[in-house]
Amino acid sequence: MNEKPLPPWASEIPEGAFISYSTTYKIGEYFSCFHKDFFTPCDFDKLGYYFYDPTEHGFAKGKKYPLFIFMHGTTNSLENEVCINYAGAEFYAKEEYQKAVGGAYLLIPLANEYRDKNGVLCGGWNDSYVRPIYDLICNFITTRIVPNGGVSKKVIFGNARGATIAFSLVDSYINFFNVILSMGGQNVPDDMTLARYEENNIWLFLAMGKHDEYISYEKKLEPRLEKLMSMFRCFVFTPDWVCNGDHGIASINLAGLEMGQHCIINPVHCNLMFDDGTPMEPLLPNGVTGWLAKALR
């Protein structure tokens, strides 16, 4: 007897497929590679952040490296260092990932999330964070990267609600960022925004599952596919089914809420590779890191 609840889409999965109820990777294996610090922007509350410095892990000082910024999803900052994983940053501390992109600094800003006396979540990402996060990034570059050699390109990742704030940051500082990766986010850029991306040579990676439990693929993304896929610097990953490393269709049930297909951050975090080395996306035989290496050239 299956002790796990069946997801609402269970009757739709292909014949012969199976449901996978957990990721196949270990969370926390690389947390020791990260440091935590704080920054107080002007006219804003103190912000915490985690970071990884490649020059502490075999990459030479005196060179410029890219900076990867990871914007986490709702409630993730309440999970302390587990937020590093939930934001999709942990495995970028792996030697394999670092070598694939030629070394990179990693930065995970934290929203000032908390629950009030009634358990209601407060302090999550909203547009009031845009300038403070930008100030945090600039301070991090000035104080931690420039003394080591400097930054080359800036890459911003966004998971779910984090994708919304990532798009807001790029829209507000279009000349600052070079690459944006959105995973399970509500935002799909309109034509005017995409035109700004093209004018500024911004690369876009957009991932959304066709059975996302919270975002309608048919309404949000499908009408935009033709335009998105016509862009040279854009890649769209829209799997029929979001899977875990064991090839199983992903199910995550938290307090009665199914979100396995919404959490496309998990396979993206695994570089879109199954545990047996098979790519989840045939057009990306070297995974997301391969795509990033191209965008960083």
Side-chain angles (χ1 to χ4, degrees), residues 4 20-39 47-59 67-101 103-115 121 124-125 136 140 144 155-163 166 181 183-184 207 242-248 250-255 257 259-277 280 287-289 292:
K4 298 285 188 179
S20 176
Y21 289 99
S22 63
T23 58
T24 57
Y25 58 80
K26 179 182 177 182
I27 295 176
E29 190 173 358
Y30 298 94
F31 288 170
S32 62
C33 298
F34 291 82
H35 305 280
K36 187 175 184 180
D37 207 342
F38 296 88
F39 171 72
L47 295 174
Y49 64 92
Y50 291 100
F51 71 94
Y52 167 95
D53 183 340
T55 67
E56 296 178 350
H57 300 274
F59 287 87
L67 169 62
F68 292 0
I69 303 124
F70 297 82
M71 307 306 300
H72 64 74
T74 301
T75 75
N76 288 173
S77 70
L78 300 177
E79 303 297 329
N80 299 312
E81 63 184 5
V82 176
C83 182
I84 297 170
N85 180 277
Y86 287 176
E90 182 183 2
F91 286 1
Y92 281 86
K94 293 173 67 171
E95 183 180 7
E96 173 189 349
Y97 284 40
Q98 283 286 312
K99 283 186 175 180
V101 298
Y105 289 88
L106 312 178
L107 174 66
I108 307 101
L110 302 173
N112 290 323
E113 294 176 308
Y114 65 96
R115 294 193 182 277
L121 181 71
W125 296 131
L136 186 162
F140 182 79
R144 296 195 181 275
V155 178
I156 188 163
F157 296 69
N159 173 31
R161 180 63 183 171
L181 295 90
M183 293 143 291
V242 173
C243 293
N244 286 323
D246 56 4
H247 288 265
S251 171
I252 301 172
N253 191 293
L254 293 178
L257 298 175
M259 59 182 70
Q261 295 300 293
H262 177 60
C263 292
I264 200 168
I265 181 68
N266 289 332
V268 173
H269 195 191
C270 292
N271 204 24
L272 295 183
M273 293 289 178
F274 291 111
D275 295 345
D276 61 9
M280 297 181 182
V288 182
T289 58
L292 278 168

Might you work through the ring-ring contact (aromatic ring centres under 6.0 Å, His included) test for F51 and F140, ending with a clear yes or no?
-> CA-CA 9 Å; F51 71 94; F140 182 79; 5.5 Å; yes
Residue pair Y52, Y30: steps toward the ring-ring contact (aromatic ring centres under 6.0 Å, His included) verdict | CA-CA 10 Å; Y52 167 95; Y30 298 94; 9.5 Å; no
Please lay out, stage by stage, how L110 and L47 fare under the test side-chain contact (heavy atoms from CB on, under 4.5 Å).
-> CA-CA 6 Å; L110 302 173; L47 295 174; over 6 Å; no
Could you go through the side-chain contact (heavy atoms from CB on, under 4.5 Å) check for M259 and L254 one step at a time?
-> CA-CA 8 Å; M259 59 182 70; L254 293 178; 3.9 Å; yes
Please report the C-alpha distance between V268 and L181 in whole Å, then the side-chain angles of each, then the deciding distance to 0.1 Å, and finally whether the side-chain contact (heavy atoms from CB on, under 4.5 Å) criterion is met.
-> CA-CA 10 Å; V268 173; L181 295 90; 5.6 Å; no
Let me see the working for N76 and N159 under side-chain contact (heavy atoms from CB on, under 4.5 Å), right down to the final yes or no.
-> CA-CA 10 Å; N76 288 173; N159 173 31; 4.0 Å; yes
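E90 contributes atom CD, which lies 7.5 Å from atom CD of E29 (distance to the nearest 0.5 angstrom). With rounding to the nearest 0.5 angstrom, the NE2 atom of H247 is 11.0 Å from the OG atom of S20. The line from CZ of F157 to NE2 of H72 is 15.5 Å long, rounded to the nearest 0.5 Å. Going from atom CG of N80 over to atom OH of Y50 covers 5.5 Å, rounded to the nearest 0.5 Å. In this structure, CD1 in I252 is found 12.0 Å from CG in L257, a value given to the nearest 0.5 Å. The CD1 atom of I84 sits 5.5 Å away from atom CZ of F31, with the distance rounded to the nearest 0.5 Å.
Checked by atom type and distance alone, the side chain of T289 never pairs as donor or acceptor with a backbone atom of Y97 at under 3.5 Å. Using a distance-only test at 3.5 Å, with no hydrogens or angles considered, no donor-acceptor pair links the side chain of Y86 to the main chain of T75. Side chain of Q261 to backbone of A250: a donor-acceptor contact under 3.5 angstrom is found. A donor-acceptor distance shorter than 3.5 angstrom exists from the side chain of D246 to the backbone of G248, with no hydrogens or angles considered. Checked by atom type and distance alone, the side chain of H269 pairs as donor or acceptor with a backbone atom of F91 at under 3.5 Å.
Between L78 and L121, the closest side-chain pair of non-hydrogen atoms falls below 4.5 Å. Taking the side chain as every heavy atom from C-beta outward, W125 and P109 approach each other to under 4.5 Å.
With 3.5 Å as the limit, one finds a donor-acceptor pair spanning the side chains of T24 and D275. A donor atom on one side chain and an acceptor atom on the other are not found under 3.5 Å apart for D53 and H35. Y25 and N266 are linked by a side-chain donor-acceptor pair at a separation below 3.5 angstrom, with hydrogens and angles left out of the test.
Heavy-atom minimum distance, M71 versus A166: CG-CB, 4.2 Å. Scanning all heavy atoms of the two residues, the minimum distance from A93 to L106 falls at N-CD1, 3.8 Å. The shortest non-hydrogen separation linking T74 to R161 is OG1-CB, 3.3 Å. Closest heavy-atom contact between Q98 and P54: OE1-CB, 3.6 Å. What you find for N244 and S22 is that their closest heavy atoms are ND2-O, 3.1 Å. Considering every non-hydrogen atom in both G260 and V242, the closest pair reads O-CG1, 3.9 Å.
Ring pair F68/Y92 is perpendicular by interplanar angle, where above 60° counts as perpendicular and below 30° as parallel.
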